[in-house]
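See below for the structure under consideration.
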Amino acid sequence: MTVRVRFAPSPTGYLHVGGARSALFNWLFARKMGGKFLLRIEDTDQSRYNETALHDLIRDLKWLGLNWDEGPEVGGPHEPYYQSQRLDLYKRHADELIAKGSAYRCFCTSERLDALRARQEENKMPPGYDRHCRDVDPEESNRRAAAGEVHVVRLRTPMSGKTVFTDLIRGEIEYQNHVLDDLVLLKTDGFPTYHLANVVDDHDMQITHVLRGDEWIPSTPRHVLLYQAFGWTPPVFCHLPVILAPGGGKLSKRKGAASVGDFRDKGYLPHALFNFLALLGWSPGDDREKMTLQELVESFSLERIMPKSAAFDEIKLEWLNGQYLIDTPVDSLLDEVRRILELRGYAAELAAQPSMLRKHVSLLKDRSKRIDEIVDTGLYFWRDPDTYDEKAVAKYWKAETPERMRVLCAQLQTVTWDHASLEACYRALTETLGIKFADLIHPTRLAVSGLSYGPGLFELLEALDRKMVIDRIHRALERLGG
RNA sequence: GGAGCGUUCGUCUAGUGGUUAGGACGCUGCCCUCUCACGGCGGUGGCAGGGGUUCGAGUCCCCUACGCUCUACCA
């Protein structure tokens with residue numbers, strides 16, 4: 001039997017990194033096993049439906065490289081892949097359960113339910129439906145339903161015994177049936193709850209393995225009961241640990257970014273995030289950290305997923321991203337860097353010097369951790385420095401510096417403008433003046449970039465042109481004294 | 001309140017009865033070097049606590065503590 005797994009998000013907000021990781025594990029497993037990865041949209045909550053969310057979700061999954069074999073946009077043999085378009089199917093199955101006596105109509109009003117819950121809370125009773133309608137006579141139930149009385153459909157959960165299932169990474173998990181109440185299958189609006197839709201669809205779409213967040217563990221016994229009520233064989237369950245914020249607790253915008261889109265905007269590469277997420281809660285079993293997509297797929301196995309929730313350490317993500325930036329060809333970074341530069345207000349400069357972009361990226365990408373850092377630490381490629389780093393001035397711009405800079409400028413007028421010649425020029429000049437190489441280099445970098453750090457000086461000078469360099473040195477002489 | 005899940009350096013993890021408890025990020029020392037970053041070499045730092053089982057326990061069992069999740073006509 002070929003493996004079929006699915007990612008079944010609810011389009012109510014952005015794609016959270018936790019959700020992204022669930023999707024990613026599903027994807028890796030499908031690819032590893034030569035199976036199918038489906039995307040199914042669980043839009044059964046009309047009140048929370050959000051059109052933008054669906055669009056962003058699809059965009060973010062694609063950005064991460066998670067392509068699906070069946071689902072929205074690509075179709076497939078089990079269409080439609082939107083639960084809101086499968087209402088008849090759920091209704092039919094709910095009716096089937098009612099006919100079998102495995103489910104029943106509940107006519108309780110939300111007022112009664114609220115009051116019930118309040119009373120339970122007050123008396124410190126365990127909350128849960130009191131099964132008020134469980135034993136309504138079937139004929140009466142049919143009559144009231146036919147008369148149009150508002151109702152939900154609930155599962156008739158066994159009141160004794162226990163339900164056991166196996167979680168692939170945790171082993172057997174056991175629930176006493178009496179702690180489970182009669183959950184709602186079909187809501188008054190005719191939409192199914194997650195529980196019904198999920199079980200019906202997973203069966204209909206022949207899902208073999210359910211890989212989902214571990215917040216679903218407590219619902220799983222009810223799902224198993226549902227499979228049993230239908231007479232179906234449940235899939236293999238594998239519950240994934242959650243991702244925590246750095247200090248513990250929920251991941252949110254405040255505590256590090258939470259959505260995939262945030263990370264894209266912050267200048268991370270999709271594969272870096274992919275790789276990082278794959279290593280959160282899973283490891284190949286050896287010391288590898290930086291892994292290609294193919295290596296990830298080949299090494300992946302569900303058994304190696306950790307049961308423990310993991311904290312999202314953005315510092316480590318930055319490191320990984322920096323590693324990938326080194327491997328990424330200059331050309332494939334151009335568009336994104338251009339986008340950010342425009343965002344920073346450099347559209348005109350970009351247009352005036354189209355060839356500068358490549359130089360900028362190639363000199364800075366290997367020393368940056370994020371794409372936005374490439375931009376923000378290299379703005380001097382586009383404009384004269386308007387400030388000079390104070391510490392650097394104190395350290396490198398000494399009393400004798402201006403005179404040396406003037407001598408240097410004279411040389412720069414005529415030297416061949418490439419990094420090798422420039423370096424030779426600096427070497428010769430320091431020798432003549434009897435000073436250290438660094439005595440000329442640091443002030444030059446400061447004058448040209450305003451900073452104390454950056455690319456190798458001669459590569460930088462070559463990238464900027466002769467006139468620009470000389471002008472900036474003169475400018476520094478004026479502003480810093482000389 | 002109840003139920004469930006979890007607990008190896010600060011963080012991500014390796015480890016399935018016998019290891020000097022290994023690696024990575026971070027921090028840090030040195031080297032490389034025109035700076036920064038990269039890279040190389042070293043250092044820092046951990047089995048939540050308590051009971052068992054065993055010749056021997058991070059590894060198996062129990063208890064406690066702590067954390068998280070669920071306890072909706074949300075997923």
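In the text below, chain A, chain B and the rest are named by the order of the sequence lines, each starting its count at 1.
- Checking B:rC73, B:rU11, B:rC5 against every side-chain atom of A:I173, the shortest atom distance belongs to B:rC5.
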- Message: Counting primed atoms plus P, OP1 and OP2 as sugar-phosphate and everything else as base, spell out the protein contacts along nucleotides 57-64 of chain B at 4.0 Å heavy-atom distance: B, S or - for each nucleotide, 5' to 3'.
- Response: --------
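- Nearest-nucleotide positions on RNA chain B for A:P126 and A:C108 put A:P126 closer to the 5' end.
- Here A:Y90 and A:F191 keep their ring centres 6.0 angstrom or further from each other.
- Looking at heavy-atom distances under 4.0 Å, A:T44 makes contact with sugar-phosphate atoms alone, never a base.
- One can place CG of A:D45 at 10 Å from C1' of B:rA72, the figure rounded to the nearest angstrom.
- Rounded to a whole Å, the CG atom of A:D189 is 14 Å from the C1' atom of B:rA72.
- In this structure, NZ on A:K316 lies 14.0 Å from CG on A:N321, to the nearest 0.5 angstrom.
- When ring centroids are compared, A:Y227 and A:H203 stay outside the 6.0 Å threshold.
- You'll find that the side chain of A:P307 is closest to B:rU7, out of B:rA75, B:rU7, B:rC73.
- Residue pairs meeting the side chain to side chain donor-acceptor pair (under 3.5 Å) criterion with at least one partner in residues 445-463 of chain A, sequence neighbours excluded, are A:H419-A:E462.
- Atom CD of A:E174 is surrounded by more than 12 heavy atoms from other residues, nucleotides or ligands within 6.0 Å.
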Identify all side-chain donor-acceptor contacts of residues 5-13 of chain A below 3.5 Å with residues at least two apart in sequence or on another chain.
| residue | atom | partner | partner atom | Å |
| --- | --- | --- | --- | --- |
| A:R6 | NE | A:D202 | OD1 | 2.9 |
| A:R6 | NE | A:D202 | OD2 | 3.4 |
| A:R6 | NH2 | A:D202 | OD2 | 2.9 |
| A:S10 | OG | A:E42 | O | 3.4 |

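- In this structure, A:D327 atom CG and B:rG39 atom P are separated by 11 Å, rounded to whole Å.
- Counting non-hydrogen atoms under 4.0 angstrom, A:E289 reaches a base of the nucleic acid.
- Ring geometry for A:W216 versus A:H195: interplanar angle over 60°, hence perpendicular rather than tilted (30 to 60°).
- The separation between A:R288 atom CZ and B:rG22 atom P is 21 Å, rounded to whole Å.
- Note: CG (A:N50) to P (B:rC74) measures 17 Å, nearest angstrom.
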For nucleotides 69-71 of chain B, give me every protein contact, N/O to N/O, under 3.5 Å, one pair per line with atom names.
| residue | atom | partner | partner atom | Å |
| --- | --- | --- | --- | --- |
| B:rU69 | OP1 | A:K250 | NZ | 3.4 |

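- Within the nucleic acid shown, A:Y175 comes within 4.0 Å of sugar-phosphate atoms alone, with no base atom in reach, counting heavy atoms only.
- In this structure B:rC47 sits in no base pair that meets the Watson-Crick or G-U test at under 3.5 Å.
- B:rA75 atom P lies 15 Å from atom CG of A:D202, rounded to whole Å.
- Backbone-only contact: A:V184 has heavy atoms under 4.0 Å from sugar-phosphate atoms and none from a base.
- With hydrogens and angles left out, the side chain of A:T188 and the base of B:rC73 share a donor-acceptor pair within 3.5 Å.
- Remark: B:rC41 base-pairs with B:rG29; criterion is Watson-Crick or G-U wobble with both hydrogen-bond distances under 3.5 Å.
- Searching all strands for a Watson-Crick or G-U wobble partner of B:rG1 with both distances below 3.5 Å returns B:rU71.
- A donor-acceptor contact closer than 3.5 angstrom is absent between the side chains of A:D262 and A:Y14.
- Residues satisfying the ring-ring contact (aromatic ring centres under 6.0 Å, His included) criterion with A:W319, sequence neighbours excluded, are absent altogether.
- Dashed line: the shortest gap from a side-chain N or O of A:K187 to OP1 or OP2 of B:rC74 is under 4.0 Å.
- Within the structure, the salt bridge (charged side-chain N to carboxylate O under 4.0 Å, His left out) test picks out the following pairs touching residues 181-192 of chain A (sequence neighbours left out): A:R131-A:D182, A:R134-A:D182, A:D181-A:R222.
- Here A:K290 pairs with A:D327 under the side chain to side chain donor-acceptor pair (under 3.5 Å) rule; sequence neighbours left out.
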Tabulate protein N/O versus nucleotide N/O from nucleotides 13-15 of chain B, keeping only pairs under 3.5 Å, one per line.
| residue | atom | partner | partner atom | Å |
| --- | --- | --- | --- | --- |
| B:rU13 | OP1 | A:G281 | N | 2.3 |
| B:rA14 | OP1 | A:S283 | OG | 3.3 |
| B:rA14 | O3' | A:R304 | NH2 | 3.4 |
| B:rG15 | OP1 | A:R304 | NH1 | 3.2 |
| B:rG15 | OP1 | A:R304 | NH2 | 3.3 |

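- Atom CD1 in A:I169 sits about 19 Å away from atom P in B:rU16, given to the nearest Å.
- Here the C1' atom of nucleotide B:rC5 and the CD1 atom of A:I305 are 15 Å apart, to the nearest Å.
- Ring pair A:Y426/A:F458: centre-to-centre distance below 6.0 Å.
- For A:W68, the ring-ring contact (aromatic ring centres under 6.0 Å, His included) test picks out no residue, with sequence neighbours left out.
- With a cut-off of 3.5 Å on both pairing distances, B:rC34 has no Watson-Crick or G-U wobble partner at all.
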- Under 4.0 Å protein heavy-atom contacts per nucleotide of nucleotides 30-38 of chain B, with B for base, S for backbone only and - for none: ----BBBSS
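- For A:R472, the salt bridge (Lys or Arg N to Asp or Glu O under 4.0 Å) partners are A:D384, not counting sequence neighbours.
- Pair assignment for B:rG18 gives B:rC55, based on Watson-Crick or G-U wobble hydrogen-bonding distances that are each under 3.5 Å.
- When both pairing distances are held under 3.5 Å, B:rC66 makes a Watson-Crick or G-U pair with B:rG6.
- By the 6.0 Å and 45° rule, A:R40 does not stack over the aromatic ring of A:Y82.
- Take A:D366 and apply the side-chain contact (heavy atoms from CB on, under 4.5 Å) test, not counting sequence neighbours, and it matches A:I326.
- Looking at the side chain of A:K316, the nearest of the listed nucleotides B:rC73, B:rU11, B:rA24 is B:rA24.
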